Undergrad: 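Just passing along the structure, written as structure tokens.
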Amino acid sequence: MKIRWKIEALLLACSIAAVMGIGLPRTEITAVSRYDYELQGYSVDIRVMEDNVLHITEKIHTVFNASRHGIYRTIPLVNDVTREDGSTSRAYAKISGIDANAAYDVSYENGTCKIRLGDKDTLVTKPVDYEISYTYDLGNDLLDGKDEFYFNIIGTDWQDTCISDVSFSILMPKSFDENKLGLSRGKAGSTSYDGIAYRIDGNTITGKLKDGDVLEPGEGLTVRLELPEGYFTPKSETNILSILSIACSLLALAAAAFMWYKVGRDDPVIDVLEFHPPGGLNSLETALLYKGKASKDDVVSLVVYLANKGYLTIMENEEAGFSGAHKESFRLVKEKEYDGKNVSELLFMDGLFAKGDVVHKSGLENYFYKTVNKILRVANAKKNMEKIFEKNSINKTWFLYLMMLGTVVFSLMPPMLYVCGGHISRDMIFSVLFPIIGVIAGFAIIAHDANIGSILFVLVWGAGFAGAPIALILWPAIRTKQIFVITFVIGVISVAGVAFFTKIMPKRTPYGTELLGRIEGFKRFLKIAEKDRLEAMVAEDPNYFYDILPYAYVLGVSDEWMEKFESIAVEPPNWYRGRRRTYFNMHQFNHFMRSTMASASHSMTSSPRSSGGGHVGGGSGGGGGGSW
């Protein structure tokens, strides 16, 4: 009797334990799982339309083993398609009509659409059945001579969970060859079809992973169906945005030309032959009036100009090079204090001899550039610009800059939107922003110092800063459609055209026009003057050659000017001291001045450098997700 009671008590205890076990929450049963959440049921229903648009519904049974707000899905909009035969393609998809049976928000970044399911104010621990639906437009087929349906039913980007009880249904729009169907599962690149069961009923393909089979982290399921050419007939696109972009680019170019015609055309310049620099201007002021903007090299010409005025002496010397060999160099010696009234000349002398009455070439490097920049700010000041150019035409150049930048944006927008599936995303903003910054910085550098070195730097730097995003992100999208190529080419032409009008837009004042004519006449004389005429000029003024030399530098004819005097008897200048030479040789002097001016330009403007068949994952769609 006692034994029977013990047996009955044991059976009762087991029954109670069994009932309690049935009532336990699922999270307690699965608490031993190594994942914070598991996808214990994943079904995908796909309706494929004749225009290669997919209507997709995903049902995801999620079991949470730790408190989470929910899950998220990442769906790729840029798909790098790879096939068993080694061929590759890049497919750009558009996603729309997103809906879900739970609270959700959508964001776009790095060529993906991210759908986040759940409430940030609520944590869940019980199983949840999520349902997501969306339309996935794959556009034109990628193969020549045939079509294909190549899709990742389950993507390989689920990295922190396992997926079980996987099933799918695919409804094709028309009949197809069953022998062309292939399914694969596993890690990216796998061609294994083990564990996949499927059947075909008319135009519908249904299948599942066999019972007990699980997709581990990083594993996916892919279908590829080869189809005859013309199976898909994508709807025709009007590409309204591209057409609008082309219209805006052409309109910007036409507006720039019209604006220049109305307010920017210079009056005719009368070339008046001059034997001397016009208007008592120094070499820097002459360069400013001739070019419309002074440069660093123009400032350096003041070395010869002020030496010829008796303020300093240029002396040859040698300096030890890196390898111990000696090389030609120079030093500048102050002869007297500056007593003139020209601000630029005063700044130049003060900056040159700030540390003493003798300065060597090496003493100018990484130091004197500050003085050069200060002088440029004075020379290119607004009040000076308004003496040379009409104020109204100067102001118009900023409007042209805005039109140029707008053209860049409109030219890049259609392919960028295409890359990002029709949605503005962070990577799209950066891809467009970098070329814009490149254009702004490039034109700012050239406008500040339009010499060949600056232009080459802008070309090289711009190719990296602005060109890299275009080459890596935009160009693959641009080349996919002829209309994008046309839009881009017209945009480039328009930007170049507007930039050209920006350069010639400022209209010269009557004063600026008159001085330009006189300077051009003076430059023409320097180039065509004959020996007899020059000998007469030197006989009249022995210092004539040296008076003209700094102006020849800024007008770009110094070599021609010096060569004319190699056969003309000229007294040596009192501001030049040769190295170990007992007589003056014009040929040697010309050689020294060429090398000295080039060296001085480098030293005076240098600044310190700052430190500084199908297989898994090969198709479109899929992606992955995670919990949050």
Side-chain angles (χ1 to χ4, degrees), residues 247-272 278-282 284-296 298-299 342-344 373-411 436-437 439-451 454-455 458 491 493-523 554-555:
C248 289
S249 296
L250 295 176
L251 183 62
L253 183 58
F258 178 77
M259 196 178 301
W260 169 80
Y261 184 82
K262 280 294 187 181
V263 302
R265 275 190 308 161
D266 287 326
D267 296 328
V269 177
I270 301 174
D271 184 339
V272 181
L281 304 170
N282 66 25
L284 175 61
E285 293 164 338
T286 301
L288 174 62
L289 280 159
Y290 179 65
K291 303 173 185 176
K293 196 176 188 73
S295 70
K296 294 177 181 179
D298 299 329
V299 175
N342 187 282
V343 176
S344 296
N373 291 337
K374 189 184 298 184
I375 293 171
L376 283 175
R377 286 194 294 270
V378 172
N380 296 322
K382 184 178 179 181
K383 65 177 183 179
N384 289 338
M385 291 295 103
E386 291 179 355
K387 290 179 182 177
I388 304 171
F389 301 107
E390 298 283 358
K391 184 177 180 180
N392 186 40
S393 66
I394 295 175
N395 295 337
K396 291 293 187 293
T397 57
W398 292 106
F399 185 68
L400 293 181
Y401 283 131
L402 291 176
M403 286 200 302
M404 191 162 47
L405 296 177
T407 302
V408 174
V409 173
F410 276 108
S411 298
I436 289 176
I437 293 174
V439 170
I440 294 174
F443 276 96
I445 292 171
I446 292 176
H448 178 69
D449 188 8
N451 57 46
S454 298
I455 293 172
V458 168
I493 293 172
S494 296
V495 168
V498 175
F500 170 75
F501 285 112
T502 301
K503 191 70 176 175
I504 66 173
M505 173 58 72
K507 179 180 180 179
R508 287 183 176 261
T509 61
Y511 169 77
T513 302
E514 178 195 352
L515 266 293
L516 178 61
R518 295 177 64 185
I519 294 171
E520 286 187 343
F522 174 56
K523 179 179 179 180
V554 298
L555 296 178

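All of these numbers come straight from a predicted model, not from anything done at the bench.
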Undergrad: Output all residues satisfying side chain to side chain contact (heavy atoms under 4.5 Å, CB included) with Thr407, sequence neighbours left out; order by chain, then residue number.
TA: Ser249, Ala252, Ser411, Ser494, Val495
Undergrad: How many angstroms lie between atom CZ of Arg265 and atom OH of Tyr261, to the nearest 0.5 angstrom?
TA: 4.5 Å
Undergrad: Which pairs of donor and acceptor atoms, one on a side chain in residues 511-521, lie under 3.5 Å apart (sequence neighbours left out)?
TA:
| from | atom 1 | to | atom 2 | distance (Å) |
| --- | --- | --- | --- | --- |
| Thr513 | OG1 | Thr509 | O | 3.0 |
| Arg518 | NE | Glu274 | OE2 | 3.0 |

Undergrad: Could you state the interatomic distance from OH (Tyr290) to CG (Leu281), rounded to the nearest 0.5 Å?
TA: 15.0 Å
Undergrad: Quick one: list whatever passes side chain to side chain donor-acceptor pair (under 3.5 Å) with Lys291, sequence neighbours left out.
TA: Asp298
Undergrad: Let me confirm one number: the NZ-CG distance from Lys387 to Leu289, rounded to the nearest 0.5 Å.
TA: 9.5 Å
Undergrad: Any side-chain heavy atom of Lys296 within less than 4.5 Å of one from Leu376?
TA: yes
Undergrad: Taking atom CZ of Phe389 as the centre, report whether more than 12 heavy atoms of other residues, nucleotides or ligands fall under 6.0 Å from it.
TA: yes
Undergrad: Considering residues at least two apart in sequence or located in another chain, which fulfil the side chain to side chain contact (heavy atoms under 4.5 Å, CB included) criterion with Val378?
TA: Val343, Ser344, Leu347
Undergrad: Considering residues at least two apart in sequence or located in another chain, which fulfil the side chain to side chain donor-acceptor pair (under 3.5 Å) criterion with Asn392?
TA: Lys396
Undergrad: Output all residues satisfying side chain to side chain contact (heavy atoms under 4.5 Å, CB included) with Lys391, sequence neighbours left out; order by chain, then residue number.
TA: Glu386, Asn395
Undergrad: Which residues pass the side chain to side chain contact (heavy atoms under 4.5 Å, CB included) test with Phe500, not counting sequence neighbours?
TA: Ile504
Undergrad: Kindly compute the distance separating CG (Asn380) from CD1 (Ile375), expressed to the nearest 0.5 Å.
TA: 11.5 Å
Undergrad: Identify, with sequence neighbours excluded, every residue that meets salt bridge (Lys or Arg N to Asp or Glu O under 4.0 Å) alongside Lys523.
TA: none
Undergrad: Among residues at least two apart in sequence or on other chains, which ones pass side chain to side chain donor-acceptor pair (under 3.5 Å) with Glu285?
TA: Asn342
